[in-house]
Each structure stands twice: as C-alpha cells, then as structure tokens.
Amino acid sequence: GQQVMQIPQYQHVQEGEDFTTYCNSSTTLSNIQWYKQRPGGHPVFLIQLVKSGEVKKQKRLTFQFGEAKKNSSLHITATQTTDVGTYFCAGPGGAQKLVFGQGTRLTINP
Amino acid sequence: NAGVTQTPKFQVLKTGQSMTLQCAQDMNHNSMYWYRQDPGMGLRLIYYSASEGTTDKGEVPNGYNVSRLNKREFSLRLESAAPSQTSVYFCASSDDRGPSGANVLTFGAGSRLTVL
C-alpha cells in the first residue's frame with residue numbers, strides 16, 4: 001500500500017538554528033498535509049499542499065511540494081522553544097484515508 | 001465547540017480484559033478514524049468509517065472491532081487485550097470536502113492505554 005517515508009526521525013538543535021524535515025513517497029501524491037504534535041498532545045493540522053512545486057509560508061515555517069509531487073519538506077527558520085514537537089507529513093491512502101510518515105521529533109536547546 | 005472528544009483519557013487493563021474507547025465529534029463530519037501511535041512508528045490507521053453505517057480496515061485492524069453508532073460516534077473495542085496493544089489511541093474526523101479530495105483530520109486528545 002501507499003507509504004510515506006519521513007526523515008530524520010529525530011533532530012536536536014540549538015535555539016535560533018534552522019530545522020528541516022523531509023517526506024518522500026514512492027508514488028505521486030494528489031496532495032500532502034503537515035501536522036504538528038506537541039509533547040503529550042495530539043496532532044494538529046498545519047497546512048495542505050496540492051500543486052506541483054507549491055511553496056507556502058506560515059511565519060517562520062516554509063512548506064514545499066516537489067515538482068513530481070513525490071516529496072515535500074518543512075523548513076523552520078530560527079527555531080524557538082515553541083517549535084518543539086513532532087512534525088508529521090501525511091498523504092492520501094485511498095478512500096478517505098490518510099497515511100502518515102513516521103514523524104520527525106524536534107527538540108531544542110534554549 | 002468541543003471538536004472530537006475521546007474517553008477515557010487513561011486506562012490500565014490486564015491481559016485478556018475487554019474495553020471500549022469512545023469517540024464523538026460535533027462537527028457534522030462524515031468520516032471518522034481510529035489511529036494508534038507507538039514510539040518510532042508514527043500514526044497507524046486501525047479502522048475508519050467513511051460514512052454512517054460503513055466501516056473499513058486500516059493498516060493494523062487485528063485485535064480490534066469498531067462500531068459507527070451514528071454520524072457523531074465511532075467506538076473502538078478491544079475484545080481481549082494484549083500487551084502489544086499498549087499504545088496511545090487517537091480518534092479523528094474529517095469533512096472530506098477539501099481540494100483534490102483531501103481530508104483534513106481533526107484529532108481528539110488521545111487515550112493512553114496500558115495492558116499489563
């Protein structure tokens with residue numbers, strides 16, 4: 001079935017450093033979504049990308065969808081302690097299903 | 001507006017016991033889902049329901065049953081709990097009307113289950 005691979009699994013940065021997580025699929029995706037889960041919390045929807053080559057920004061977060069619609073990335077500029085958490089990408093798995101990547105857990109040294 | 005409500009938040013079971021996790025949403029969403037989250041494994045779909053009266057298996061359905069009681073409620077039952085079912089369980093719902101057929105999920109707060 002549809003699989004979405006996400007790397008790295010863990011990332012530790014100093015506050016103020018940048019952070020990037022990558023998501024790859026073996027098949028073309030009609031769209032990709034990103035979620036954030038704070039420690040002890042539940043996943044919360046961040047954004048959805050639909051178009052080939054699409055780039056969207058939310059303050060310090062930049063989301064990209066690859067030209068072939070098989071990969072995506074989330075880049076955070078100048079991390080802050082509020083960015084701590086696990087970031088998941090998710091792609092369609094058919095019939096209203098979403099398939100999630102394994103997630104990238106971000107920890108930050110203040 | 002509560003969104004997605006799950007109960008209980010925490011539960012400890014002994015091997016072989018049964019229990020039901022309850023989930024209700026007040027957003028008039030058609031689709032509902034049960035995921036489990038284990039360290040390093042991300043979120044894995046157990047069962048989902050695309051509409052009232054229908055349910056389908058996800059990636060890891062073994063050992064679970066579900067009931068879509070009505071449009072609002074979707075319960076997950078463990079008939080004979082096993083230690084491998086120790087996990088955090090999330091219920092989610094979506095309105096499945098996004099662009100390109102995308103379903104944006106709204107998650108509940110989660111239910112932490114420990115099976116001894």
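Heavy atoms only: backbone and side chains are in, while hydrogens, waters and symmetry mates are out.
The line from NZ of A:Lys97 to NZ of B:Lys57 is 12.0 Å long, rounded to the nearest 0.5 Å. The structure places CG of B:Asp38 at 12.5 Å from CD of A:Gln102, a figure rounded to the nearest 0.5 Å.
The shortest side-chain heavy-atom distance between A:Phe100 and B:Gln37 does not fall under the 4.5 Å cut-off. Under the 4.5 Å side-chain criterion, counting only non-hydrogen atoms from C-beta, A:Leu98 is in contact with B:Tyr35. The closest side-chain heavy-atom distance from B:Leu43 to A:Tyr35 is not below 4.5 Å.
The local environment of CZ in B:Arg112 is sparse, with at most 12 non-hydrogen atoms from other residues, nucleotides or ligands closer than 6.0 Å. In A:Tyr22, the OH atom is not crowded: 12 or fewer heavy atoms of neighbouring residues, nucleotides or ligands sit closer than 6.0 Å. Sparse packing is recorded around CE of A:Met5, with 12 or fewer heavy atoms of other residues, nucleotides or ligands lying under 6.0 Å away. Counting heavy-atom neighbours within 6.0 Å of A:Arg105 CZ, excluding the residue itself, gives a total of 12 or less. Within a 6.0 Å sphere centred on CZ of B:Arg77, heavy atoms belonging to other residues, nucleotides or ligands number more than 12.
Smallest separation of non-hydrogen atoms from B:Phe107 and A:Pro43: CD1-O, 3.4 Å.
With a 4.5 Å cut-off on non-hydrogen atoms, A:Tyr10 does not touch chain B at all. Of the atoms belonging to A:Gln37, it is side-chain heavy atoms, and not backbone ones, that fall under 4.5 Å from chain B.
No chain of hydrophobic side-chain contacts below 4.5 Å, direct or via other Ile, Leu, Val, Met, Phe, Trp or Tyr residues, connects B:Met19 to B:Phe90. Connection of B:Val66 to B:Leu13 is established within a shared hydrophobic cluster, with ILVMFWY side chains joined at heavy-atom distances below 4.5 Å, either directly or through further cluster members.
Note: B:Leu105 leads B:Asp56, B:Leu105, B:Val88 in heavy-atom pairs under 4.5 Å with chain A.
Proximity of a side-chain donor or acceptor of A:Gln33 to a complementary backbone N or O of B:Asn103 within less than 3.5 Å is detected.
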